[in-house]
Structures are given as structure tokens and as C-alpha cells.
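Report on the structure given below.
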Amino acid sequence: MKYHAVKGTRDFYPRDMAIRNWIVDAWRRVSLRNGFEEYDGPIFEYLDLFRAKSGEGIVSELFHFTDRGERELAIRPEMTPTLARMIAAQAASLPRPIKWFSVPRLCRAERPQRGRLREFFQWNADIVGTDDVLADAECIFVVLDFFREVGLTPQQATLKINSRSLLAALLAARGFAPDRHAEIYTVLDKRDKLPPEVYAEKLESVVRTPAERSDLECMIQAHGAGGLDEVAELARGNEAAEAEIERLRELFKLLAAMGVADYCTFDMSIVRGLAYYTGVVFEGFGQGALRRAICGGGRYDQLLTVVGGPPMSGLGFGTSDVVMLDLLNEFGLLPAEAGVSKHVDFQVIDAAGDQSHVVLRIVAELRRAGHCAEFSYRRGNLGKQLKQAAGQGAKWAVIVGDEYRQRQALAVKNLGTGEQVERSMDSFLADPVGQPAATP
RNA sequence: GUGAGUGUAGCUCAGUUGGUUAGAGCACAAGGUUGUGGUCCUUGGGGUCGCGGGUUCGAAUCCCGUCACUCACCCCA
């Protein structure tokens, strides 16, 4: 072939499209029942919007171009800047809390690899305009509501939770100036994602003395059931840290009240790579062969000010279709029906070969009534047409043949059970799916 | 941008120490079958063996280059 799909992009043939819709529908269903409203924005934005949020370094990771009006634009690599821009523009008039979700198509100019492509779909849900811990709980619940919706158990997927505020308070008490925190976070985030030697090397480059490093390691390894108590020991007398620990305890109680505590653990090593997180941070992990992060999110305080809006606290999360489908496949949680791209209710068959006008009349009326009705361009040859009907999963076959010629009747066959009854044209069209009275 | 691996039909893959016209299964199509489906049988279409060059009497096979894909690194919003 001369042309093929560009590196890192996918063609969605009907089966693939059905699977994509299956997961997007689940995201949408879960979002809506959690009280979120859907929004969307343009697929490209000013390049500066992304520079403002992520810095100059982001540019090489973007697909960007200059339009004929010399505007520097970029295809969106994430949704959050657009969300911030949209909320900032109408911040004064939006009712709080702002609970919005979106399933944007995003593009990043990265080298593709397992779970990461150059074009993908991402589910984002954010709660903006409040710093209430109830919002933290609700946002995290949405993720776990989705896990349960698709059948992911706490043995298959978990959510690790931490707090940037807590980290900041503990770091400050150890003499790390606030302007050093960001680079320390970036390294800490890699603790469980890099080989130990590589991580150690990176840590040395930002934390000079061995004493500081072992202190940090001691702090960061707190996790699990007793993790918060361990940290509370370390934080004794540190007011800011103690307050945040209390907030986390409350968060875990709320998650327990919502019945999703089984999925959640406290873990001080979760810090997220992203610079703008300021409060609670969390990351989901698959517990199978691919033990990678499958979703992540957190609270941010300065996001809107970056785009010129008023200060507003919020939190949100994101996850991609690529990594989520990998995970669901791994656990066999993608049902066969997910890939079904055509749902035929009635296959109307011209058994005689000269009844096209009758077949099309029936087909048109069924379609008008909202049913999916199909017919074959092949006329006559009942066997082949039934085969075709079965091949595309039709529920019923409606046969126009001898009984129609003799007494205007149709043979209606249930392709699931093989049962076949004769019905008059009028009774069938009046109630196609209903069980008919006994044949006259 | 760096490194490794893999490229044969739409898909999954065979293909002997280099040897004659490159195969199978699945999928697709036609027929067996002019009123009863998923099975079965027969047949068919579909390939510049990723591309270019080299070695050789002869290359899918060996060598070099190149491109694509996959995986890992970098990065991660």
C-alpha cells in the first residue's frame, strides 16, 4: 500500500470503533450518573496556551503549526488548559461546584510504545470551584465507580492516594526550600517507575547529602494501612502536616462510606510528575502483568491563574482509552458484544425473487418504527439469505414468499430459537416484535 | 533524539544447507442448494516475499543500506 495510517495513529474499523464506543459510553454513563456535565473545546489552541501551562519544553512534544494568519497553533495534547481557559472566561457566572467531564481526542508527538500512541482518547473529569474534601472524595469515587462498572476488582486495579500539601509541609520542616520542591517531586515520582540504580542517581542530583536522602526515603516509604500513622509520627508538632493528615483521614472515611475503600491505599511515594498539583494526588495501577499507572489526577490551586483567570481550586483526573483497553483485555473484561458493530433486528427476505417491492415496503416501515431492518440485494435463494441474516446477527428473519402470494402472510422466524410463525402483514407491521396470536 | 527486535496474502504464520510455478489455516467470494441459517464439501480471487543495491548460474533465504512497525530509553500533560 502506498499510504497507511501515520505512526502512532489508529484506523478504527467497525469492530474497533464498536470497542472504542463501548469504553467511551461507559465513561460517559459513569460521568453523567455522578452528576457531571459534558463539555468540549477546539482540537487546536494557541501554542502559547500550552506554553503557559507547561513551559517551553512542551513544544517539542506537540504537533504545532503556523496558520495562514501567522498564528502559532498546536493540536491539543491534553484537555486541562482548554478547561481552564473555558472556566476562566465565565468563572463569575458558573454555578459551583463546576463538575464537568470530556472525552477529547488528543495528540502528542511522542514515540509510540505500549499503552502510548500519538493520537488517543482521554477521559477527563474535574470538579472546580471548591477545595472541600467532599470534592476530593467525589472525584476519586468517579474513577472507582468506573472500575466497578467495567468489572475491575480491587485485586485487579487499585488507587494509591497521597497529598502534595503533606509532602510540602514535611519537606519544609526538613529545610528544603519551597522552590526546590518541584524538582524533588519530579524525582520522587519516579521511585517505583525506574530501575533502583537510575532512581538513586537522579535522587542524588537533587538531594545532595546521604543523610537527607535516607530521611527522605524513610518518609516516602510510608504506605498502606498504618502509613498515615507512621507519617503522623514524623509530623508531630508540624501543624501544616498534621492538618493535611487529618484531611486525608477524613478522605479515607468518606471513601469507605461510599463503599470503595477496598480499592484505596495511602502511599507517600505517589507524587505525580505534573508540576501544578498542590493538594491530594492519586494514581491508579493495574495489578496484572502490566503494573503501570492506568490513570491519575489530583488537586490544583493555580491552574486558572495560569491562563489569566481568578484563583480557583479544583481537582480532576485523566485516563486514556489505550491503557484502559490494554488493562481490560488483560483481565478478559472486554465482552464479545463490545466489538459488535451492527445490530440487525429484522432481515427481510425475498424468497421468491420477484418481491422486492414488498420487501422494501416492510423494510421501510420497520425502519420508520425505529427497528434496524436489513435486506439482501441477492434475490431468491432463501438458504443463502438466511445464512447472510445469521451472519450479521439478525434477531428475526421475515420471509416474503409463497404464503404472501397465497394469502398476504409473512413467515417470521426467530433466528435465536429457530421458531417460525406465520403472521398477516398488518398484524406484523402493527407489532413486529410482539408474539402473535395463534396462526389463523 | 538513543538502543534492540521484527518485516512472506486482509489476519495468524510455514517456507529444508540458497534451487525450478512461494504455501497453509482463518477471513472473503461463488457453487453444491429456485422455501429454511451458523456445520460440511468443492472451487475461486487475492503476493512487486517492506523497499533499494550487492554476492551468486540461481535470493523470500546470505551481505549492506533504507523505510515501516513493535518494545525499551528520553519525556510524560
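Throughout, protein chains are lettered first and strands after them, A, B, ... in sequence-line order, and every chain is numbered starting at 1. Just so it is clear, the structure is predicted and the values come from calculations on it, not from any experiment.
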For this session: Using the C1' atom on both, measure rU55(B) against rG3(B) and round to a whole Å.
Result: 30 Å
For this session: For the residue pair T278(A) and Q302(A), confirm or rule out a side-chain donor-acceptor distance under 3.5 Å.
Result: no
Exercise. Rounding to the closest angstrom, what is the interatomic distance between rU48(B) and rU2(B) at atom C1'?
Worked result: 34 Å
For this session: With C1' as the reference atom in both, quote the distance from rU21(B) to rG47(B) in angstrom, rounded to an integer.
Result: 14 Å
Exercise. With a 4.0 Å cut-off, would you call R114(A) and D326(A) a salt bridge?
Worked result: yes
Exercise. What is the nucleic acid contact for R378(A), judged by heavy atoms within less than 4.0 Å: base, sugar-phosphate only, or nothing?
Worked result: sugar-phosphate
For this session: Flag the pair E212(A) and R174(A) as a salt bridge only when some basic side-chain nitrogen lies within less than 4.0 angstrom of an acidic carboxylate oxygen.
Result: no
Exercise. Are D354(A) and R405(A) within salt-bridge range, i.e. N to O under 4.0 Å?
Worked result: yes
For this session: May I ask you to check whether over 12 heavy atoms, not counting those of F63(A), lie within 6.0 Å of atom CZ?
Result: yes
Problem set entry | Pairwise P distance, rG15(B) and rC67(B) [rounded to whole Å] | 29 Å
Exercise. Would you call R299(A) and D131(A) a salt bridge, using N to O less than 4.0 angstrom?
Worked result: no
Exercise. If you look at every strand shown and take non-hydrogen atoms under 4.0 Å, does A351(A) touch a base, only sugar-phosphate, or nothing?
Worked result: sugar-phosphate
Problem set entry | Rounded distance in Å between the C1' positions of rU8(B) and rA22(B) | 8 Å
For this session: Select from Q420(A) and N381(A) the residue whose nearest nucleotide in RNA chain B is closer to the 5' end of that strand.
Result: N381(A)
For this session: For rC51(B) and rC41(B), measure between their P atoms and round to the nearest Å.
Result: 35 Å
Nucleotide N/O to protein N/O under 3.5 Å, stretch nucleotides 68-71 of chain B:
{"from": "rC69(B)", "atom 1": "OP1", "to": "K7(A)", "atom 2": "N", "distance (Å)": "3.2"}
{"from": "rC69(B)", "atom 1": "OP2", "to": "K7(A)", "atom 2": "NZ", "distance (Å)": "3.0"}
{"from": "rC71(B)", "atom 1": "OP1", "to": "R114(A)", "atom 2": "N", "distance (Å)": "3.2"}
{"from": "rC71(B)", "atom 1": "OP2", "to": "R114(A)", "atom 2": "N", "distance (Å)": "3.2"}

Exercise. In whole Å, what separates the C1' atom of rA14(B) from that of rG23(B)?
Worked result: 7 Å
For this session: Validate the cation-pi geometry between K53(A) and Y276(A): distance from NZ or CZ to the six-membered ring centre under 6.0 Å, angle to the ring axis within 45°.
Result: no
Problem set entry | Separation of rC73(B) C1' from K190(A) NZ (nearest whole Å) | 13 Å
Exercise. For A352(A) and Q122(A), take the nucleotide of RNA chain B holding the closest heavy atom to each; which residue's nucleotide lies nearer the 5' end?
Worked result: A352(A)
Problem set entry | Pairwise P distance for rC63(B) and rA68(B), with rounding to whole Å | 22 Å
